[in-house]
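These numbers come from the heavy atoms of this one structure, side chains and all, not from hydrogens, waters or symmetry mates.
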Amino acid sequence: MRIGLHDAEAQVVRDKTFPNYALMKLSAWHKQRGDHVEWWQPLGLYDAVYSSKVFSYTLENPYLPPDAIRGGTGYDVKSRLPEAVDGMFPDYSLYPDTPYAIGYITRGCPNRCRWCVVPEKEGKLQPYRRWKELIRPDSRELVLMDNNILASDFGLEQLCGLAGSGYRIDLNQGMDARLVTPEVAELLARLDWIRFLRFSCDEASRLDAVIRTCELLGKHGVRPYRIFIYLLVTRDVEDAALRVGRLKQLKGINLYAQAERNDRLGIMPNREQLRFVEYVYSGAFRRCEWPVWEEARRDKEKH
């Protein structure tokens with residue numbers, strides 16, 4: 001059989017480098033069966049075409065065949081890989097420029113944040129893989145995509161195993177600072193991070209926990225410039241401005257703002273949200289307060 005794979009995000013994001021986990025597993029499964037696997041081409045002839053989409057706002061490719069097998073949160077939040085496919089070790093040859101392994105130690109999340117699809121998609125928090133099942137023989141780096149690993153005893157046990165293992169890691173979804181105890185802070189400080197320790201601060205009620213976590217990590221030598229905070233920007237932009245104002249007092253901390261968007265629920269960011277994202281992304285938040293920056297931009301646009 002000739003199999004065509006389509007990475008929906010790769011068609012719209014130039015130089016996309018982060019691999020698609022589902023497609024790598026599908027590729028491994030089909031190759032094990034003796035099938036020929038390649039990236040889908042519009043003029044190619046295939047026995048089966050798989051398209052995977054992560055984000056609902058990623059544009060559909062109009063040339064995909066009607067019978068293409070579509071999966072991923074961007075198509076259907078309930079979509080799942082068959083158990084036999086999900087059990088495969090990913091085929092990293094699809095993304096030859098990827099220098100690290102990726103995967104999950106846990107799946108799901110016990111929280112039910114209004115803006116998050118994880119509980120609906122993955123269900124309750126549960127163990128998924130041990131870290132030694134995820135690593136590659138040709139890499140000493142592992143990027144974990146767990147949504148709430150600190151809420152899992154199994155997850156913490158696996159992180160303990162990674163400490164001192166010689167592997168550098170990243171938790172790219174942002175950890176929950178509310179779960180960082182002095183003992184967890186000590187564990188996180190012992191891990192060898194690829195670049196940042198990432199946390200989320202999606203509403204002002206989490207500020208105290210994030211700041212307390214930064215202080216705990218600081219006691220173990222983790223400086224603010226090694227910490228990365230994800231910030232959700234809802235229509236309550238003043239809430240986001242409050243979070244940025246307090247967090248930037250941690251000199252050198254890295255902030256990343258993202259406007260809330262959920263196409264399935266008809267939630268789209270307004271102009272003010274997008275402007276606030278620009279304020280953070282440009283680094284202007286380090287130089288001035290949000291109202292000052294916004295007023296200056298409005299004056300500039302008038303002239």
Side-chain angles (χ1 to χ4, degrees), residues 1-108 117-118 121-122 127-147 167 169-173 194:
M1 292 180 64
R2 187 181 183 191
I3 307 299
L5 303 180
H6 174 248
D7 182 337
E9 276 69 38
Q11 73 180 12
V12 295
V13 179
R14 182 174 297 179
D15 300 325
K16 175 185 182 287
T17 57
F18 198 78
N20 186 294
Y21 199 44
L23 292 180
M24 287 196 295
K25 291 197 169 196
L26 282 164
S27 176
W29 187 77
H30 274 286
K31 286 182 177 180
Q32 185 183 66
R33 291 162 54 92
D35 299 332
H36 172 78
V37 179
E38 64 181 55
W39 289 114
W40 170 78
Q41 298 292 331
L43 298 180
L45 297 177
Y46 301 96
D47 296 291
V49 174
Y50 295 91
S51 177
S52 179
K53 183 161 65 170
V54 176
F55 303 110
S56 60
Y57 53 78
T58 299
L59 297 176
E60 180 74 354
N61 189 311
Y63 301 106
L64 275 174
D67 61 348
I69 302 169
R70 294 165 168 82
T73 306
Y75 284 122
D76 179 5
V77 72
K78 296 288 190 180
S79 63
R80 300 283 190 280
L81 287 174
E83 186 174 340
V85 177
D86 190 51
M88 298 299 299
F89 187 81
D91 176 11
Y92 285 96
S93 70
L94 287 181
Y95 298 89
D97 295 330
T98 299
Y100 45 77
I102 67 171
Y104 297 86
I105 285 174
T106 62
R107 302 301 294 259
V117 302
V118 171
K121 178 177 175 59
E122 300 184 8
Y128 180 69
R129 296 285 187 273
R130 298 183 181 277
W131 71 267
K132 289 184 178 180
E133 299 176 60
L134 304 176
I135 55 177
R136 295 168 55 175
D138 59 341
S139 175
R140 303 293 288 184
E141 296 184 337
L142 173 60
V143 176
L144 297 170
M145 301 177 287
D146 297 57
N147 289 284
Y167 284 88
I169 73 164
D170 185 13
L171 278 160
N172 70 359
Q173 295 302 301
I194 294 174

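Under the side chain to side chain donor-acceptor pair (under 3.5 Å) criterion, Arg2 pairs with Glu38, sequence neighbours left out.
A salt bridge between Arg70 and Asp76 is absent, with no side-chain N of the basic residue lying under 4.0 Å from a carboxylate O of the acidic one.
Distance check: Asp35 CG to Asp47 CG gives 8.0 Å after rounding to the nearest 0.5 Å. Between the CD1 atom in Ile3 and the CG atom in Leu23 there is a gap of 12.0 Å [rounded to 0.5 Å]. To the nearest 0.5 Å, atom NZ of residue Lys53 and atom CG of residue Asn61 are 10.0 Å apart. Between the CE atom of Met24 and the OG atom of Ser93 there is a distance of 9.5 Å, given to the nearest 0.5 Å. Separating the NE2 atom in His6 from the CD atom in Gln41 is a distance of 10.0 Å, to the nearest 0.5 Å.
Pairing each heavy atom of Ala28 with each of Asp91, the nearest pair is N-CB, 3.9 Å.
Between the side chains of Asn20 and Tyr50, no donor-acceptor pair is found at a separation under 3.5 Å. With hydrogens and angles left out, the side-chain atoms of Glu60 and Tyr75 include a donor and acceptor closer than 3.5 Å.
The closest side-chain heavy-atom distance from Tyr21 to Leu81 is not below 4.5 Å. In this structure the side chain of Leu134 never reaches within 4.5 angstrom of the side chain of Tyr167, judged on heavy atoms.
More than 12 heavy-atom neighbours from other residues, nucleotides or ligands sit within 6.0 angstrom of CZ on Phe89.
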